[in-house]
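Values reported hereafter were calculated over all heavy atoms of this structure, with side chains retained and with hydrogens, waters and symmetry mates removed.
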Amino acid sequence: MSRAPLVRAILTFGILATALYFAISTPARLGLDLRGGTQIVLETRDSPTAKANAESTDRALQVLNRRVDALGVSEPILTRSGERRIIVELPGVQDPREAEEVIGKTAQLTFHPVTGIAQPNEKAKQGERIVPDEGGQPLRLGPAALTGEGVSDAAGGTDPQQGLGWFVTVDFNGSGGGAWKDLTAKAACAAPNDPTRRIAIVLDDRVISSPQVDPSVPCNVGIPGNNTQITGNFTQESAQELAVLVKGGALPVPVEIIEQRTVGPTLGADAIDASWKAAAIGLALTGLFIVVVYRMMGLLATVALALYALLSYAILVALGATLTLPGLAGFVLAIGMAIDANVLVFERAREEYAAAPKKGLSSALSRGYSGAWSAIIDSNVTTLLAAGLLFFLASGPVRGFGVTLSIGVLASMVTALIVARLFTEWAVRRTFVRNRPGISGIGSIGRVRTWLTERNPDLMKRGRLWLGIAALLVVVALTGIFTRGLNWGVEFTGGRLIEYSMSRAVDVDAAREAVADAGFPRAVVQRSGEDNISVRTSELTNDEAFEVEQALAKVGGDVTKERDELIGPSLGNELRTKALIALGVALIAQMLYLAIRFRWTFGVGAVLAMFHDIVIVTGLFAWLGKPIDGVYLAAALTIIGLSVNDTVVVFDRVRELWAANPKTPFRQSANTAALQTVPRTINTGLGAMFILAALAFLGGDSLTDFAIALLAGLFIGTYSSTFTATPIAIELQAKSKSGPPRSRTKAPQSAARKRAQRAGSGAVV
């Protein structure tokens with residue numbers, strides 16, 4: 001007896017136990033778009049004294065860490081991205097003005113002696129500068145005597161016993177204490193209340209504090225030690241704010257906000273709730289469908305599918321990956337795609353049983369797993385290529401989609417080839433099932449392929465007609481793209497998009513008028529979803545965004561910011577370029593892989609079919625006016641993967657039939673392969689459609705467009721694998737001098753096997 005089942009059993013229980021441990025013990029790390037908060041992407045710039053590179057960006061990151069820590073934000077995350085970018089995540093922060101006020105300070109923190117009060121229209125002397133103090137009075141400042149590099153810490157405090165109120169304690173490091181002593185020693189020589197007895201603390205060309213040296217400090221002695229106190233009319237808030245600015249110190253290079261995203265906590269909670277409902281409903285419908293089609297094998301595959309969800313989640317939390325909103329969609333979508341491998345195996349097992357029923361169900365199922373291995377690997381590799389491109393070329397939350405889709409593909413292979421195999425092979429060995437092959441789901445010939453075998457339609461005889469229809473659809477799509485134009489999202493154009501919800505219903509015209517009256521007549525104000533209002537502009541500062549919010553509050557009552565996206569124009573161009581590169585590289589990578597695994601005629605046919613699918617879906621979005629943004633990019637690359645999945649299965653069967661019957665004309669082998677793979681195409685397509693339909697209806701505004709794009713892509717991709725890719729391969733092969741591939745089996749085919757290949761067994765209800 002083979003030890004393989006025992007090995008698979010041990011491996012299965014080990015995998016599931018490990019997955020259960022991580023799922024229970026490790027909480028998921030949610031992105032800001034799911035838990036609410038603000039994400040800011042900063043880019044360092046060159047200054048006259050320093051160059052923006054990895055080293056200076058790391059030093060800037062350290063300064064920003066100190067500033068963010070002083071904000072008191074729970075679990076802030078700051079990371080360097082690339083050489084010159086810093087990503088700041090601030091959970092729970094809904095007003096980005098506060099974060100910008102502290103984080104965005106870019107100039108050197110400096111301490112200056114005050115040389116006097118500047119007169120109106122007075123010009124600064126050489127070596128001096130004139131800057132208004134915190135009360136607006138212009139001060140003449142001497143050269144900086146101390147920079148932020150000499151400050152190690154600062155904190156707001158109070159001492160009720162001494163009646164000092166709130167004050168700020170500043171700690172110095174290195175030579176900072178000595179420089180402070182010298183600075184205060186000179187200032188102490190001036191008479192009390194003399195302006196020159198003051199010291200100005202300057203940040204970002206603004207005096208943030210200008211305290212006077214205490215009268216008790218002697219002339220030319222100064223304040224010794226490595227710390228000092230700044231007193232004044234501080235409140236708790238103002239003392240802590242000054243401490244944050246002083247403690248943060250100086251950024252070695254200027255930084256610029258190139259991206260900012262704010263998501264309300266309710267939007268994230270609603271997205272999670274909707275996604276889990278979509279996953280549950282989609283999983284139930286998919287499971288019910290495959291149980292009806294594949295009976296007992298379908299029931300066991302559904303159990304494995306539930307375990308697949310557990311395994312995917314465990315891998316996600318074990319890797320510490322951040323779950324974003326598009327990532328959550330990828331997680332849900334991968335559940336529908338996970339059934340693909342099981343369908344391939346069961347269809348192949350039906351063929352094997354029909355070819356040799358006397359060998360029994362167990363032998364047929366085992367040969368089904370072996371025979372479907374090639375198509376499973378090919379289809380999953382192409383999906384991983386698309387997911388990998390998303391991870392490396394996309395940005396922000398969309399990268400999370402690439403991560404979860406990759407995890408889903410790997411987990412689906414484990415559950416289909418190890419977990420589901422253990423369950424199904426155990427079942428077909430039971431005497432009850434062996435004696436009743438009909439209940440197994442692989443012991444009967446399917447209705448669809450029975451009908452196709454009896455009719456045996458020559459679909460490829462009209463190959464050029466199908467290509468003409470495909471060309472017509474592409475022309476209609478391109479007409480929409482060039483006449484209506486693409487509605488590039490703010491992510492690809494730059495600008496700002498803010499979505500608000502209000503306590504009472506507001507007509508969009510009234511909202512548009514309110515925003516225009518506030519000073520923003522060019523803002524695009526639209527209805528978002530059923531009740532929300534979205535405002536989109538090319539440029540809008542945080543203070544101006546607050547003015548827009550106040551204007552909407554006058555007509556809509558209480559206003560809540562649900563979503564806020566700010567993309568700099570340079571970043572928008574960069575993201576759009578990366579998106580086009582990602583699509584181009586995806587097409588080339590898929591073609592190369594298919595050319596290596598099959599031959600160039602197959603590769604070109606598959607890529608042209610993919611191009612056909614993407615153009616049609618993009619044209620559909622152009623005609624409907626849907627936004628082309630990062631989420632659409634995720635959908636487009638997924639469409640490429642789904643399209644190739646179907647095409648790979650068809651071409652894998654074409655190659656097998658052509659190698660087994662080299663004297664048969666290629667067009668006839670391709671036609672037979674297309675007919676034989678129809679059940680698999682329909683079954684896997686319906687499995688994914690259940691999930692996507694649930695996402696479209698339950699996923700909310702954030703995921704509806706994503707689901708619509710994938711539904712359209714899945715339908716078109718299913719069609720094109722047979723009626724576009726295959727006819728193109730036939731036309732190209734007719735011009736190619738290459739012959740059929742070598743058969744992978746040298747054993748002669750029995751008459752039963754030949755009948756099975758013609759008939760197959762792919763039941764579809």
Side-chain angles (χ1 to χ4, degrees), residues 37-38 40 63-74 76 88 90-107 109-112 114 117 131-139 141 146 148 151-172 180 183-184 187 192-193 195 197-217 223 225 227-250 262 541-543 545-547 549-550 553 561:
T38 296
I40 299 175
V63 173
L64 291 173
N65 259 315
R66 294 199 297 270
R67 293 183 179 180
V68 170
D69 285 343
L71 274 174
V73 178
S74 176
V88 182
L90 306 172
V93 175
Q94 298 300 310
D95 186 358
R97 292 181 300 162
E98 177 188 2
E100 183 188 32
E101 184 69 19
V102 175
I103 294 174
K105 300 296 181 182
T106 62
L109 176 71
T110 52
F111 297 73
H112 299 257
V114 176
I117 304 296
V131 183
D133 65 8
E134 55 269 47
Q137 186 178 42
L139 300 180
L141 306 182
L146 173 64
V151 177
S152 62
D153 197 6
T158 184
D159 189 349
Q161 293 181 355
Q162 296 184 14
L164 296 178
W166 280 91
F167 55 82
V168 177
T169 300
V170 180
D171 295 335
F172 300 103
W180 177 255
L183 181 59
T184 55
N193 298 322
R197 196 176 178 92
R198 296 163 67 183
I199 294 172
I201 305 175
V202 179
L203 182 67
D204 208 18
D205 291 326
R206 182 170 67 90
V207 175
I208 59 175
S209 182
S210 56
Q212 179 178 234
V213 176
D214 192 87
S216 63
V217 178
I223 302 175
N227 60 73
T228 190
Q229 281 186 356
I230 302 175
T231 59
N233 296 321
F234 289 118
T235 63
Q236 178 181 359
E237 183 179 352
S238 62
Q240 290 178 344
E241 181 182 356
L242 177 59
V244 167
L245 297 177
V246 174
K247 178 183 177 180
T262 300
T541 66
N542 286 327
D543 289 334
F546 182 72
E547 293 177 17
E549 184 175 329
Q550 295 295 100
K561 185 190 297 182

Got a sec, which residues hit side-chain contact (heavy atoms from CB on, under 4.5 Å) with [X], two or more places apart in sequence or on another chain?
| X | answer |
| --- | --- |
| Q550 | F546 |
| D214 | S216, V217 |
| N193 | Q212 |
| E547 | F520 |

* To do: Look at the side chain of R197 and the backbone N and O of P192, then say whether any donor-acceptor pair between them is shorter than 3.5 Å.
  => no
* Qualifying residues under salt bridge (Lys or Arg N to Asp or Glu O under 4.0 Å), relative to D133, sequence neighbours excluded -> R198
* Give the C-alpha distance, both sets of side-chain angles, the deciding distance and a yes or no for side-chain contact (heavy atoms from CB on, under 4.5 Å) between T38 and T262. => CA-CA 4 Å; T38 296; T262 300; 3.1 Å; yes
* Nearest 0.5 Å please: distance from the OG1 atom of T110 over to the CG atom of L141. => 8.5 Å
* To do: Nearest 0.5 Å please: distance from the CG atom of L183 over to the CZ atom of F111.
  => 9.0 Å
* Shortest non-hydrogen contact from T184 toward I223 -> OG1-N, 2.9 Å
* Give the minimum heavy-atom separation between A239 and V168, together with the two atoms involved. => O-CG2, 3.4 Å
* Step-by-step side-chain contact (heavy atoms from CB on, under 4.5 Å) determination, L139 to I117 -> CA-CA 5 Å; L139 300 180; I117 304 296; 3.5 Å; yes
* Indicate yes or no: at least one non-hydrogen side-chain atom of I201 is less than 4.5 angstrom from one of I230. => yes
* Report yes if some heavy atom in the side chain of W180 is under 4.5 Å from a heavy atom in the side chain of V170; otherwise report no. => no
* **Residues that E134 engages under side-chain hydrogen bond (donor to acceptor under 3.5 Å, both in side chains), provided they are two or more places apart** => S210
* To do: Just jot down the side-chain hydrogen bond (donor to acceptor under 3.5 Å, both in side chains) partners of T235, sequence neighbours excluded, or say none.
  => S238
